[in-house]
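Structure record follows, encoded as structure tokens.
When a ligand or atom number is given, it counts from 1 through the structure's own listing order.
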Amino acid sequence: MQQFGVIGLSVMGKNLALNVRNSGFSVSGYSIDKPEVDAFAEYQDEKLLPTYSLAEFVNSLEKPRKILIQIAAGKPVDETLQKLLPLLDKGDIILDGGNSNFHDTNRRFHEMEAHGIHFIGMGVSGGEEGALNGPALMPGGDEAAYREVAPILEAIAAKTPQGRPCVSFIGPEGSGHYVKMVHNGIEYGIMQEFSEVYDLLRKVAGKSNAEMSKIFADWNQGLVQAYLSEITSEVLKQKDDLTADDVIDHILNVASYKGTGNWMLEDGVHLGAPISVIAEAVLARFMSKATTREGQEITWNGEVPNGLIDNLGKALQLGQAVAYAQGFQQLKMAADAYHWDLRYPAIAQDWEAGCIIRSSMLEDIENAFADGKQLDNLFQDAYFKGLMQKNLPALRAVIELATKAGIPTPTLSAALNYLESIFNPSLPANLIQGQRDYFGAHTYYRNDREGIFHTEWYEEK
Ligand code: 6PG
């Protein structure tokens, strides 16, 4: 009898199954796509079993069965669940490792619960390579069921530099997929920040691809120790297969998306979360498609200020911190609204290795939330407040220069505006309240006494 089963054997499912086998557990694999099973069968050994029907697959598993569904999110997951249900026994555990929408996971959690099946919606990050060698895992659902699969998940997960597994029980219902969605929103935010810094490096600082590659590699050892620094450096130095140029200069500048970052923005709007960097990153992808491209190329004829590269590194470091801060702020608001008890240090730890947004800063975030510390925003923590004070002049200088040069910096500007606002005691929303009360008698609160007020702004004729 096999200890674990995987449904869906395209690259993610196959690699996760191989990871389970390589971690010492026996695994069965099944796919509706026969050629995928045939390809999987090439790895067959005493711990790895290909199966060609759902019944054969289910019957090959020890009870309670532990089944990971790793297929395209959406309708296929519901169809697979409907086919699986008659074959399962009460107490079996299903994990959905796709990028499912958390609303779907909430629904499926309760539907499966009604059948006595434990459902775990699990965010998986790290792409193909991570799936094989150690992904970051964000499982949410039924905690008792999680404990049953924890030994396998801990074995296959990425490990932090201290050797701790990048997996923890997130919380009930769809909270695991929610945390993955927030991970992806942060991913969009930080990626857009990188692209804005790249734009300033090439257009204002006049750096070549090779020079920029080196700058990002240096930051990866210093200011921004992050997977995204590492791969940015690699992307910038890659030669093209089809021409003698660098491939970056021939990649069309239209950003695609499957939309998990957009979902974070949707729920952020629902919750009223001030996630400006994520919002601007989503919109920047839209703009990359919507721009007419009729304008002139931007060229900078002004001086290149001293210390520009250092300022850009510091701006990126602080911008990255703001993207994380906004992610954790939304998580906190979601936890309150949906009655989830989220453990922020554990979530930070889950992201320290294996996933796309991994960086050394996540350990600082873990420390900021340690010992049950409740922060309305990350910059209330002494370390991050210090970082803000240290890097704010650089971020301001970068935005000033970009404005002069006419280079758009939607996410870096949003990061700056966020920081200029979060501790500001006198934002001008009093005027908005006055206007609302004027045209619609919407009433307002006062800053000097309790109660709800309305002013008779004008005489009715
Ligand atoms: C990950 C990634 C992964 C995927 C993104 C890409 O954590 O491994 O986030 O889930 O690469 O979904 O998203 P877009 O296609 O929306 O950019």
Side-chain angles (χ1 to χ4, degrees), residues 8 10-16 19 68-74 76-77 95-102 104-105 121-140 153 156-158 160 166-168 170 174 176-195 226-232 234-235 251-268 275 277-289 320 323-324 327 330-331 347-359 362 411:
S10 66
V11 65
M12 287 299 287
K14 184 185 84 180
N15 282 358
L16 284 165
N19 187 349
L68 172 67
I69 301 179
Q70 197 66 43
I71 60 176
V77 176
L95 302 101
D96 170 17
N99 268 332
S100 291
N101 186 297
F102 80 98
D104 286 337
T105 306
M122 182 166 76
V124 177
S125 178
E128 302 170 18
E129 203 274 331
L132 183 63
N133 297 315
L137 301 173
M138 293 146 251
L153 299 184
I156 67 169
T160 69
C166 291
V167 56
S168 64
I170 299 290
H177 277 138
Y178 195 93
V179 168
K180 176 67 201 320
M181 172 188 85
V182 169
H183 166 285
N184 282 28
I186 296 171
E187 176 183 306
Y188 281 34
I190 298 175
M191 287 169 74
Q192 175 64 25
E193 290 173 345
F194 269 81
S195 77
Y227 172 71
L228 285 168
S229 292
E230 183 189 326
I231 67 164
T232 303
E234 300 280 315
V235 167
I251 297 179
L252 189 69
N253 56 355
V254 177
S256 308
Y257 47 89
K258 289 193 284 297
T260 36
N262 310 26
W263 293 346
M264 174 174 170
L265 178 56
E266 280 173 29
D267 201 59
I275 53 163
V277 169
I278 284 81
E280 289 292 352
V282 170
L283 299 183
R285 291 195 185 194
F286 299 165
M287 182 56 86
S288 75
K289 199 168 180 183
Q320 180 194 37
Y324 288 132
Q330 180 157 331
L331 285 179
I347 293 169
Q349 178 184 322
D350 294 343
W351 292 347
E352 276 169 39
C355 69
I356 307 299
I357 62 169
R358 64 186 183 254
S359 79
L362 282 156
T411 50

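- Regarding atom 3 (C) of ligand 1, its nearest protein heavy-atom neighbour is K180 NZ, 3.9 Å.
- I278 contributes atom CD1, which lies 11.5 Å from atom OH of Y188 (distance to the nearest 0.5 angstrom).
- With atom 8 (O) of ligand 1 as the reference point, the heavy atom nearest to it among G259, A73, G126 is part of G126.
- With a 4.5 Å cut-off on side-chain heavy atoms, Y324 and I357 count as touching.
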### M122/L153 under side chain to side chain contact (heavy atoms under 4.5 Å, CB included): CA gap, chis, key distance, verdict
CA-CA 11 Å; M122 182 166 76; L153 299 184; 3.9 Å; yes
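- Distances from ligand 1 to the non-hydrogen atoms of G261 include no value under 4.0 Å.
- Pairing each heavy atom of C166 with each of T160, the nearest pair is SG-CG2, 3.9 Å.
- Near I356, meaning under 4.0 Å from any of its heavy atoms, are these atoms of ligand 1: 1 (C), 2 (C), 7 (O), 8 (O).
- Proximity of V179 to F102: side-chain heavy atoms (C-beta onward) are nowhere separated by under 4.5 Å.
- Between A136 and A353, the closest heavy-atom pair is CB-O, 3.6 Å.
- Atom 10 (O) of ligand 1 lies below 4.0 Å from at least one non-hydrogen atom of the protein.
- The ligand atoms of ligand 1 that sit less than 4.0 angstrom from a heavy atom of Y257 are 14 (P), 15 (O), 16 (O).
- Among protein heavy atoms, the minimum distance from atom 16 (O) of ligand 1 is reached at Y188 OH, 2.4 Å.
- The atoms of ligand 1 that sit less than 4.0 Å from any heavy atom of N184 are 5 (C), 7 (O), 9 (O), 10 (O), 12 (O).
- Remark: ligand 1 atoms within the under-4.0 Å shell around heavy atoms of G127 are 8 (O).
- Taking the side chain as every heavy atom from C-beta outward, M138 and W351 approach each other to under 4.5 Å.
- Which of R285, E187, K258 comes nearest to atom 15 (O) of ligand 1 through a heavy atom is settled by distance: it is K258.
- Protein heavy atom closest to atom 7 (O) of ligand 1, with residue, atom name and distance, is S125 OG, 2.4 Å.
- The atoms of ligand 1 that sit less than 4.0 Å from any heavy atom of H183 are 7 (O).
- Side chains of Q349 and S168 form no contact here, defined as non-hydrogen atoms less than 4.5 Å apart.
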